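Numbering of ligands and ligand atoms starts at 1, following listing order. Values in this document were obtained by computation on a predicted structure and should not be read as measured data.
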Amino acid sequence: MKVTPFNQPPPALGNQYDEDRPLRSLLARIVPRDALLSIEPALRDLGELAGGELYRMQLDDRENDPKLVHWDAWGNRIDHIEVSPLWKRAERIAAEKGLVATAYERRLGALSRVHQFSLVHLFGPATDIYACPLAMTDGAARTLLESGNAVLAERAVPRLTSRDPDRFWTSGQWMTESTGGSDVGRSETVATKDESGQWRLWGRKWFTSATTAQMSLTLARPEGNGPGGRGLALFYVETRDQDGRLRNILVHRLKDKLGTRKVPTAELTLDGTPATPVIGLDSGTKYISPMLNVTRTWNTVMAVAGMRRGVALARDYATKRVAFGAPLSEKPLHVDTLAGVAAEYEAALQLAFFVVQLHGRIEAREASDRDVLLARLLTPIAKLVTGKQAVAVASEVLESFGGAGYVEDTGLPVLLRDAQVLPIWEGTTNVLSLDTLRALGHGPDVAAALEQEMESRVGTISDTSLREVAERARGAVRRALGWLASTYSSSPLDVEGGARRFALTLGRSLELLLLAHHADWSLRNERDARSRAAALRFARAPFDLVEDTPVADLRALANDEPLAV
Ligand code: MFK
């Protein structure tokens, strides 16, 4: 007897803009109707590409990792990096659709960052982390503009923000050395001036993402400068000469990474690379901080977009996969699991786009003092909280596919591997928790700005259940700020030990409050209770994480040291 085996239909994606109810609802609230109508065709167009052609390419391209070719056939050292076919396509689409340009053209004024990051949200999960070079490109443009170096800005920014793929440049951000990805102040790269007055860089960069870029911003210590970040200077490097040859840069190898494998991350030596100081000859970590804040915002949106991709695949699959007599989408326990990840996504989306709005207002010079303080405080918080959520959601999404989620050629395991980079690069969770403390250390106005923002939102919520969860979220933030104030004076070390729980409390509580605020708007304006369901569900996950654990207890546990009774 011939038995026809059962074949499970795979998950499919539709138009990733049309199907993204939380994104469309958010945009309907924050973007005026006419402006939204003017950008929707481009969003829909990208949503179609993301769920269609690009998704198919991602599955076909799965095994195409970038390749580094050191030598040509005739013995010339070329250090050529061949990227995947999808990456080549993504570069052209990114330029043409203005993934960076949109923020600088400012068609939507203060909402131009919202416009841009809506495009990023759709493009990111469909292009195998091509968002990485774009993030640094955006960061480099912002840094050059803020540096006041008109010569460099005029030379590079028109290229970094071009919509013409043949003119478009990407930028690297070469900071990490083997001495420290976090403690960048320990960098060993040295800058010297040659007889002609040209600055040249000498050193080894240990983890340079997107080494194919035409330019890079990097840090080096001018000879004779002191130690630490203050002794480093910010330099501009054009990577190739007029003949396309690398300018005294040796690419040793590509990193063998857990995820983001399409990103050609390299170890390289700067062997007298010509470079130009961007601003002064010191305080490099400070002058590169616009880059950090832009890339951390990209990281946040990419984390959120990755969650959305996972939810979309899991949701579609649940309608197709039958087990124990019914599609998974009708099984209460499976539905409960998907509801949990959908709520994480919707809450994270609200925080991400709140931060995006703040940056848009600042760049359009329409920001209040409160906006400026909140942007400094919330950029690291949004990055760290969404990075953690993205990993947890990706893990849950894989599990929702059962064994198929663990099998490479379904294209699913890469969701988890690529998510795992989000809490690591651009500042780990711990480094950003300390950055949160640094931001609050600028004075009492920062915490006051957060209190005022929460107050103004809670005050407008009319639905009783939403108001109740928003008040609980506000209470958790107040408690956390109170813990910080009282513990800081008595035991600064305990503050450092509790910094992650503190930052996550602020992040998750604010997500809940923003989601409750949005859900109340959606009830009244869209006659839709799905965002309320998301807020109430999100409120059942932990968000009040601060606790008094003396650092001595933590040390005993972490290092397995004796602890006195
Ligand atoms: C999917 C898209 C994602 C994008 C992918 C891109 C991939 C790229 C891969 C990478 O390159 S990953 C490498 C990323 N590396 C980091 O993010 C570094 C993490 N470490 C830190 O952030 C440290 O906190 C830091 C290097 C900044 C510490 O350096 P220092 O020299 O010890 O800094 P210090 O003394 O705390 O601060 C120096 C100045 O900078 C201070 O100003 P003042 O001198 O005026 O007091 C700080 O206030 C300021 N500063 C520091 N961080 C800032 C900042 N200002 C604004 N915003 C910030 N975030």
Return the closest protein heavy atom for atom 38 (C) of ligand 1 as residue, atom name and distance. T285 OG1, 3.9 Å
List the closest protein heavy-atom neighbour of atom 8 (C) of ligand 1: residue, atom name, distance to the nearest 0.1 Å. E426 OE2, 3.2 Å
Where ligand 1 meets N299 - atom numbers and elements under 4.0 angstrom, heavy-atom basis: 3 (C)
Counting heavy atoms only, which part of I129 comes closer than 4.0 Å to ligand 1: side chain, backbone, both or neither? neither
Could you check whether E105 pairs with R163 (Lys NZ or Arg NE/NH1/NH2 to Asp/Glu carboxylate O, under 4.0 Å)? yes
As a check for students: among S182, G229, G387, identify the option with a heavy atom nearest to atom 26 (C) of ligand 1. S182
Heavy-atom gap G185 to ligand 1 smaller than 4.0 Å: no
Of all protein heavy atoms, the one nearest atom 57 (N) of ligand 1 is N293 ND2, 3.1 Å
Under 3.5 Å, is there a donor-acceptor pair between the E48 and N15 side chains? yes
State whether a side-chain donor-acceptor pair under 3.5 Å links T192 with E223. no
Does the protein come close to atom 32 (O) of ligand 1 - that is, does one of its heavy atoms sit below 4.0 Å from that atom? no
Side chain, backbone, both or neither: which part of T176 has a heavy atom under 4.0 Å from ligand 1? side chain
For ligand 1, the portion of D435 having any non-hydrogen atom under 4.0 Å away: side chain
Number the atoms of ligand 1 from 1 as they appear, then name those within less than 4.0 Å of a heavy atom of C132, with their elements. 5 (C), 6 (C), 7 (C)
Short list, please: which atoms of ligand 1 are under 4.0 Å from a heavy atom of G427? 16 (C), 17 (O)
Short side-chain donor-acceptor distance under 3.5 Å, D371 and Q357: no
Atom 54 (C) of ligand 1: nearest protein contact (heavy atom, Å): S289 CB, 3.7 Å
Quick one: nearest non-hydrogen protein atom to atom 15 (N) of ligand 1, plus distance? M175 CE, 3.4 Å
Among all protein heavy atoms, pick the one closest to atom 34 (P) of ligand 1 and tell me residue, atom and distance. R438 NH2, 4.0 Å
Report the nearest protein non-hydrogen atom to atom 18 (C) of ligand 1: residue, atom name, distance rounded to 0.1 Å. G181 O, 3.6 Å
Quick one: nearest non-hydrogen protein atom to atom 4 (C) of ligand 1, plus distance? A135 CB, 3.6 Å
Does D435 pair with R376 as a salt bridge, N-O distance under 4.0 Å? yes
Does this structure show an ion pair linking R113 with E363, if we count only N-O contacts that are shorter than 4.0 Å? yes
Does any N or O of ligand 1 fall below 3.5 Å from an N or O anywhere on R296, backbone included? yes
Going by heavy atoms, is G228 under 4.0 Å from ligand 1? no
Nearest protein heavy atom to atom 46 (O) of ligand 1: under 4.0 Å? no
Atom indices of ligand 1, in the order listed, that fall short of 4.0 Å to a heavy atom of V184: 18 (C), 26 (C)
Give a yes or no on whether atom 41 (C) of ligand 1 lies under 4.0 Å from any heavy atom of the protein. no
Might you work through the side-chain contact (heavy atoms from CB on, under 4.5 Å) test for V385 and R508, ending with a clear yes or no? CA-CA 7 Å; V385 72; R508 289 192 70 90; 3.6 Å; yes
I'd like to know if the side chain of D60 pairs up with that of Y55 as donor and acceptor (distance under 3.5 Å, no hydrogens or angles considered). no
N/O to N/O below 3.5 Å, does that happen between K286 and ligand 1? yes
Parallel, tilted or perpendicular: which describes the rings of Y130 and W87, with under 30° parallel and over 60° perpendicular? perpendicular
So which bit of M302 gets within less than 4.0 Å of ligand 1, heavy atoms only: side chain, backbone, both or neither? side chain
Can R417 and E408 be counted as an ion pair, charged N to O under 4.0 angstrom? yes
Assess whether ring pair (Phe, Tyr, Trp, His ring centres under 6.0 Å) is satisfied between F117 and W298, documenting all intermediate values. CA-CA 8 Å; F117 277 109; W298 274 76; 5.5 Å; yes
For R204 and S178, indicate whether the former's side chain and the latter's backbone hold a donor-acceptor pair under 3.5 Å. no
Salt bridge check: are E82 and K88 linked by an N-O gap of less than 4.0 Å? yes
Taking side chain to side chain donor-acceptor pair (under 3.5 Å) as the cut-off, I'd like each qualifying pair that reaches into residues 252-262, sequence neighbours left out, listed once. D65-R261, H252-T269, R253-E267, K255-E267, D256-R261, K257-T260, K257-T265
